[in-house]
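Below you'll find the structure, written out as structure tokens, and then a few comments.
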Number of protein chains: 2
Amino acid sequence: MTAAPVPTREKLLDAAEELVQTRGYNAFSFRDLAKRVGIRAASVHHYFPSKADLGRRLMDRYRRKFGAALESITGKVRDPRRRLERFVGLFRDTLRRGDRLCLCGMLATEYATLPARIRTEVRRFYGDSETWLTEVFNEGRRSKRLRFAGKPAAAARTFFGALEGAMIAARAFGDERRLASAGQWLVQALKTTA
Amino acid sequence: MTAAPVPTREKLLDAAEELVQTRGYNAFSFRDLAKRVGIRAASVHHYFPSKADLGRRLMDRYRRKFGAALESITGKVRDPRRRLERFVGLFRDTLRRGDRLCLCGMLATEYATLPARIRTEVRRFYGDSETWLTEVFNEGRRSKRLRFAGKPAAAARTFFGALEGAMIAARAFGDERRLASAGQWLVQALKTTA
DNA sequence: GTCTATAAGATGATAGAC
DNA sequence: GTCTATCATCTTATAGAC
């Protein structure tokens with residue numbers, strides 16, 4: 001039994017993902033990236049013609065992976081309240097794996113400086129996440145497991161944004177409990193709000 | 001009656017503030033900054049020896065200005081719920097003034113790349129804001145104008161982080177209603193949560 | 001696929017003239 | 001205070017050898 005070798009392209013995406021999640025798109029270079037993978041900066045261009053292209057592929061892959069994680073939750077967990085807790089768990093896992101932020105939150109903050117291609121991917125990630133959450137809030141209201149005022153889509157956006165914000169603060173303070181606490185507070189509020 | 005001329009130092013801080021709030025600390029240069037003020041990049045060093053120093057002064061000034069705005073709210077508005085609405089209003093005003101993010105939220109996202117001096121100022125901003133909000137939540141619970149589970153400090157952190165996150169998304173979508181909607185949702189939840 | 005070499009420009013910062 | 005000149009380094013990207 002031999003482990004399949006990781007293609008250089010995947011190694012590059014993995015390393016770039018970590019760099020963007022921790023430092024940001026504007027704060028890493030092809031040099032940084034190449035060094036981590038053990039090749040030269042020029043060789044990165046063989047896989048990704050430009051930095052903008054790399055950024056777009058990165059966000060695209062991240063969105064797909066996140067989407068798969070959401071599908072997994074949908075398949076395994078029925079209760080809307082517990083689905084939200086699992087959603088929070090995805091953010092917590094990301095933060096724990098090397099003080100990373102959500103790639104989407106990082107890039108959204110850098111939005112004004114991003115190439116159009118990457119911007120589109122960022123918005124798509126918001127769209128996917130909010131669509132999934134909206135469905136959870138819909139089902140939660142129907143089954144009376146979640147109580148909240150207003151439209152489910154508004155609750156979904158607020159919930160998602162609140163986690164992004166909590167994650168950013170949690171990393172700045174080196175205290176992951178800030179994220180967990182925000183998640184608990186939000187779910188608690190959704191149990192009891194009229 | 002002649003308007004007092006704005007000293008170059010203030011002009012630099014104003015221009016830098018706008019640049020960091022929109023583009024980020026890592027995405028602006030002394031050249032960008034100097035060009036906006038009408039001097040050369042080298043001259044900026046006369047006022048701020050290094051970029052790190054500029055960043056620190058910037059965050060310090062921003063924190064003081066924001067603190068003054070909070071004091072003003074405290075002096076003018078009694079009702080805790082309305083104080084929260086005014087707090088949200090500060091974020092909305094910032095976003096409207098040229099699609100700016102909260103300086104603190106921007107720098108917190110870039111935290112991993114920041115000099116220690118700036119990091120300290122970022123955490124101080126969180127501290128000040130959360131302290132003010134905690135007092136509002138305390139008073140709100142006492143007067144039964146705000147209802148929420150858990151400690152006031154936890155509610156304060158979640159509230160603050162949620163606005164930071166909503167602001168980031170609102171700018172990416174070019175839709176300030178995303179911020180207003182999140183603010184309303186949160187305040188609404190705080191009226192009715194057990 | 002990876003390299004070296006190179007381009008053309010940006011970056012933060014300093015020295016010293018005016 | 002502001003400038004020009006300069007530095008050493010980094011940046012994204014391309015051309016062409018191996």
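Proteins get letters first, then strands, A, B, ... in listed order; numbering begins at 1 in each. Because the structure is a prediction, the values reported are computed rather than measured.
For the pair Lys51(B) NZ and dT14(C) C1', the interatomic distance rounds to 18 Å; values are reported in whole Å. Distance, Leu12(A) CG to dT2(C) C1': 12 Å, rounded to whole Å. Following rounding to the nearest Å, Phe28(A) (CZ) and dT11(C) (C1') show an atom-to-atom distance of 18 Å. Rounded to an integer number of Å, the gap from His45(B) NE2 to dC7(D) P is 17 Å. What separates CG of Leu19(B) from P of dT11(C) is a distance of 11 Å, to the nearest Å. To the nearest angstrom, C1' of dA13(D) lies 13 Å from CG of Asp53(A).
Close to dT12(D), at under 4.0 Å from its OP1 or OP2, lies no side-chain N or O of Ser50(A). Checking the phosphate oxygens (OP1, OP2) of dG1(D), a side-chain nitrogen or oxygen of His46(B) falls inside 4.0 Å. Residue Thr8(B) places at least one side-chain N or O closer than 4.0 Å to OP1 or OP2 of dT2(D).
Qualifying ring pair (Phe, Tyr, Trp, His ring centres under 6.0 Å) partners for Tyr111(A), counting only residues two or more places apart in sequence or in other chains: none.
The side chain of Phe30(B) lies closest to dG12(C), out of dT2(D), dT2(C), dG12(C).
Annotation: ring-ring contact (aromatic ring centres under 6.0 Å, His included) contacts involving residues 36-64 of chain B, sequence neighbours excluded, comprise Phe30(B)-His45(B), Tyr62(B)-Phe125(B). Judged as a salt bridge (charged side-chain N to carboxylate O under 4.0 Å, His left out), not a single pair has a partner in residues 25-34 of chain B (not counting sequence neighbours). Residue pairs meeting the salt bridge (charged side-chain N to carboxylate O under 4.0 Å, His left out) criterion with at least one partner in residues 36-49 of chain A, sequence neighbours excluded, are Glu18(A)-Arg36(A).
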Report, one line per pair, each donor and acceptor closer than 3.5 Å where one atom sits in a side chain of residues 151-164 of chain B; sequence neighbours left out.
residue: Thr158(B); atom: OG1; partner: Ala154(B); partner atom: O; Å: 2.9

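Asp79(B) has no carboxylate O lying under 4.0 Å from a charged side-chain N of Arg81(B), or vice versa, which leaves the two without a salt bridge.
Within 6.0 Å of the CZ atom in Arg9(A), the count of heavy atoms belonging to other residues, nucleotides or ligands exceeds 12.
The stretch residues 31-44 of chain B comes close to DNA chain D through Ile39(B), Arg40(B), Ala42(B), Ser43(B), each having a heavy atom under 4.0 Å from the strand.
Within 4.0 Å of Phe48(A), counting heavy atoms only, lies no atom of the nucleic acid at all.
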